[in-house]
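A short write-up of the structure that comes next.
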Protein chains: 2
Amino acid sequence: MGVSIKEVAARAGVSVGTVSNVLNRPDMVKAETVEKVHAAIDELGYVPNSAAQQLREGQSRSIGLVALDINNPFFTDVARGAERAAALGRHTVLLANSGESIEREISNIEMFERQRVRGVLVSPLSEDLSRLRDVRKRGIPVVLVDRGTEDTSFPSVAVDDVAGGELAARHLLEGGRRRLAFVGGPMRIRQIIDRYRGAAAAVAAVDEATITSIETEALSLDEGMRVGGELRALVARGEIDAVFAANDLLAIGVQQGLLGGDDPVAIPGDVALVGYDDISFAAAAVVPITSVRQPRELIGETAVALLEEVRESESEPRHVVFEPELVVRSSSAPAPTA
Amino acid sequence: MGVSIKEVAARAGVSVGTVSNVLNRPDMVKAETVEKVHAAIDELGYVPNSAAQQLREGQSRSIGLVALDINNPFFTDVARGAERAAALGRHTVLLANSGESIEREISNIEMFERQRVRGVLVSPLSEDLSRLRDVRKRGIPVVLVDRGTEDTSFPSVAVDDVAGGELAARHLLEGGRRRLAFVGGPMRIRQIIDRYRGAAAAVAAVDEATITSIETEALSLDEGMRVGGELRALVARGEIDAVFAANDLLAIGVQQGLLGGDDPVAIPGDVALVGYDDISFAAAAVVPITSVRQPRELIGETAVALLEEVRESESEPRHVVFEPELVVRSSSAPAPTA
DNA sequence: TTGAAAGCGCTAACAG
DNA sequence: CTGTTAGCGCTTTCAA
């Protein structure tokens with residue numbers, strides 16, 4: 001079970017209170033005693049038990065981050081930003097992976113609540129925030145990450161996904177494309193809906209332009225590849241001349257699907273492609289992919305800052321919205337004079 | 001501080017022991033009482049405090065996984081395998097990121113020890129395992145992941161990196177390449193050294209073949225890109241006709257560097273490229289990258305299995321070594337009849 | 001089938 | 001400056 005503070009005290013010939021003081025307020029203790037205690041700690045290899053500390057203090061030093069999908073570099077970057085900000089306050093970020101499953105998301109949040117974390121940063125999968133309201137009611141602050149602000153009672157950091165969708169679609173339209181396909185899903189995810197809505201709005205503003213939505217089961221390379229393969233025929237028949245993928249993982253997969261098989265189509269010749277997130281792999285794809293960039297690490301940092309804010313004061317929760325930015329690469333070069 | 005079991009007991013009109021029994025051994029309790037207690041739990045929104053549970057039980061239900069770099073998809077895949085295996089035993093995997101920094105690795109391991117995790121899975125950065133031996137001495141089992149077996153006292157899962165390096169280099173040599181560059185680092189990382197050694201052995205077996213090592217500061221896209229840019233000139237002068245990158249992140253970066261600028265070189269025309277790990281992005285690169293595949297998820301699963309093994313019995317620690325496999329793609333097509 | 005109580009390791013308040 | 005002690009929330013004996 002490990003060495004406890006009691007054994008250290010016995011070894012050093014002092015009381016447990018003194019050992020605790022050496023560890024937590026060394027200036028209250030005589031230098032000589034400090035030394036004796038440190039010697040005992042080293043000899044015994046004492047490591048404090050954080051469960052006991054936490055039980056005593058009623059609060060953990062950790063912040064829980066529930067990631068939609070840890071295999072998406074977007075989230076590891078958000079996590080990195082969060083870690084950096086947390087470290088400033090001597091806190092730790094615990095990362096849990098929902099793998100795009102609502103059940104796992106729920107169980108991760110519950111795990112964090114059991115741990116009495118300082119707060120939970122979450123990009124909820126479902127539209128139903130009642131569970132999160134319960135968590136907050138029980139005293140654990142919640143910050144919404146990468147999420148719209150329908151319910152303004154939670155602090156939130158987000159990127160304007162509607163604007164991002166518009167940006168992407170308008171760029172395709174300006175390049176002469178008229179028959180767009182939106183690839184993304186599942187469609188219960190708010191960010192995906194917003195990106196689609198933004199794109200649809202841009203399309204509606206242009207005569208003769210259309211957009212078809214192709215729903216995927218996940219935001220993964222594999223799903224993208226599957227859809228890309230199916231799209232080849234449509235592109236060949238001229239029914240689609242541009243694809244807007246809801247994230248870069250999908251976009252990279254779609255590209256592989258489009259370029260694969262015996263009847264590959266040309267990017268951007270036959271079809272233009274735009275992704276979302278601007279993960280570092282987007283620039284390294286077969287045809288470098290135009291993408292909508294989000295300030296990933298900044299999102300993580302801001303989430304932690306908002307958490308501390310809401311813990312410290314009862315003030316109105318803040319809603320930070322960042323603007324997305326289009327990064328143009330060759331996958332979306334203008335259509336060859338349609 | 002949240003609702004405690006005491007309040008639930010009061011609300012339900014029973015003792016705390018009974019509430020605990022309802023939660024942990026419901027068959028010992030009268031059905032009627034079970035219902036009363038559940039009602040109280042729901043009304044109060046009680047969530048057990050895991051710090052208290054753990055303090056009482058002396059053990060956490062979590063397994064600590066210390067990843068070298070969470071931004072490398074290789075590790076998130078290993079983590080996924082570990083999570084899956086852990087879930088079978090109703091355990092949780094806690095992920096900590098060392099970001100290739102020894103200090104962070106040490107502090108992560110210490111954090112896990114404070115938490116009294118069931119065990120630590122780690123790919124140690126440094127060659128010095130004494131710290132890990134201390135951890136083990138204090139009763140926390142340690143499993144080495146993705147790591148050679150110089151110290152056979154720890155259970156380990158690894159892939160034969162020397163064989164992997166050989167595989168890569170031999171393939172390049174068979175394609176007619178003779179002037180290889182190895183890109184990787186920092187050179188204190190065992191896996192990197194092994195991959196280089198394997199490659200060097202293969203090169204030594206072929207007349208007139210040479211290999212130059214170019215050390216990088218990190219195994220990242222950015223470092224790869226930097227080196228790739230520098231290599232362009234060497235390739236143009238014919239001093240290098242193949243690059244073996246120590247992992248795919250580097251390889252993808254190297255490729256970008258080689259193809260970038262005003263004087264790009266041709267892959268595989270001027271220079272062949274092989275990476276390592278076979279992360280899913282390797283196949284999606286501008287020129288799809290040949291790579292040495294490791295069974296990533298299986299590595300994670302096996303690590304958890306070895307942990308349970310060593311916890312259950314005092315038997316000799318096992319050392320599982322998987323064989324790497326070369327996945328050939330177009331980046332390494334044979335030289336154009338040198 | 002239930003209640004009472006000890007004790008896990010730690011911190012902080014208080015007394016000396 | 002140091003020792004003693006209560007109590008954080010929980011599980012598990014032991015009695016009733």
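Sequence lines set the chain letters: A, B, ... in the order given, protein chains first and strands last, and positions in each chain run from 1.
Less than 4.0 Å separates DNA chain D from at least one heavy atom of each of the following residues of residues 23-39 of chain A: A:M28, A:V29, A:K30, A:T33. Scanning residues 106-115 of chain B for heavy-atom distances under 4.0 Å to DNA chain D yields an empty list.
Between the CD atom of B:E7 and the C1' atom of D:dG9 there is a distance of 11 Å, given to the nearest Å. What separates CD of A:Q53 from C1' of D:dG7 is a distance of 16 Å, to the nearest Å. Taking atom CG of residue B:L44 and atom C1' of nucleotide D:dG9, one finds them 15 Å apart after rounding to whole Å. As a whole-Å value, the separation of A:K6 NZ from C:dG9 P is 7 Å. Taking atom CD on A:E57 and atom P on D:dC8, their separation rounds to 15 Å, with Å as the unit. Going from atom OH of B:Y46 over to atom P of D:dC10 covers 3 Å, rounded to whole Å. One interatomic measurement links the two molecules: CD1 of A:I5 to P of C:dC8, which rounds to 14 Å at whole-angstrom precision.
Checked against C:dA4, C:dG9, D:dT4, the side chain of B:S15 finds its nearest nucleotide in C:dA4. Taking only side-chain atoms of B:S20, from C-beta outward, the nucleotide of C:dC8, D:dC10, D:dT12 with the closest atom is D:dT12. Checking D:dT12, D:dG9, C:dG9 against every side-chain atom of B:N49, the shortest atom distance belongs to D:dG9. In this structure, of C:dG9, C:dG3, D:dG9, it is C:dG3 that holds the atom nearest to the side chain of B:T18. For B:L55, counting side-chain heavy atoms from C-beta on, the closest listed nucleotide (C:dG9, D:dC10, C:dC10) is C:dG9.
For the pair B:G2 and B:N21, nearest-nucleotide mapping onto DNA chain D gives the more 5' position to B:G2.
The pair B:K137-B:D134 counts as a salt bridge, with a side-chain nitrogen and a carboxylate oxygen less than 4.0 angstrom apart. Taking the charged nitrogens against the carboxylate oxygens, B:R190 and B:D161 have no contact shorter than 4.0 Å, which rules out a salt bridge. Using a 4.0 Å cut-off between charged side-chain N and carboxylate O, B:R136 and B:E113 make no salt bridge.
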I would like to know whether B:E83 and A:R104 meet salt bridge (Lys or Arg N to Asp or Glu O under 4.0 Å); could you show each step before the answer? CA-CA 12 Å; B:E83 275 171 13; A:R104 289 185 62 188; 3.0 Å; yes
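Between the CD atom in B:Q54 and the CZ atom in B:R61 there is a gap of 10.5 Å [rounded to 0.5 Å]. Expressed to the nearest 0.5 Å, how far CG of A:N97 lies from CD of A:E105 amounts to 11.0 Å.
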Kindly give the atom pairs (protein nitrogen or oxygen, nucleotide nitrogen or oxygen) under 3.5 Å for nucleotides 5-7 of chain C.
| from | atom 1 | to | atom 2 | distance (Å) |
| --- | --- | --- | --- | --- |
| C:dG7 | N2 | B:R56 | NH1 | 3.1 |

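A:S4 comes within 4.0 angstrom of the backbone, heavy atoms only, and of no base.
With sequence neighbours left out, A:E7 forms a side chain to side chain contact (heavy atoms under 4.5 Å, CB included) with A:V3, A:S4, A:L44. With sequence neighbours left out, B:Q115 forms a side-chain hydrogen bond (donor to acceptor under 3.5 Å, both in side chains) with no residue at all.
In plain terms, the two heavy atoms of A:R311 and A:Q59 that are nearest each other are NH1-NE2, 3.8 Å. Closest of all the heavy-atom pairs between B:N49 and B:A51 is OD1-N, 2.8 Å.
For the 3.5 Å distance criterion, the side chains of B:N71 and A:T76 qualify, holding a donor opposite an acceptor.
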Contacts under 3.5 angstrom, residues 33-43 of chain A side chains, donor-acceptor by atom type, not counting sequence neighbours:
| from | atom 1 | to | atom 2 | distance (Å) |
| --- | --- | --- | --- | --- |
| A:H38 | ND1 | A:V34 | O | 3.4 |
| A:E43 | OE1 | A:R11 | NE | 2.7 |
| A:E43 | OE1 | A:R11 | NH2 | 2.5 |

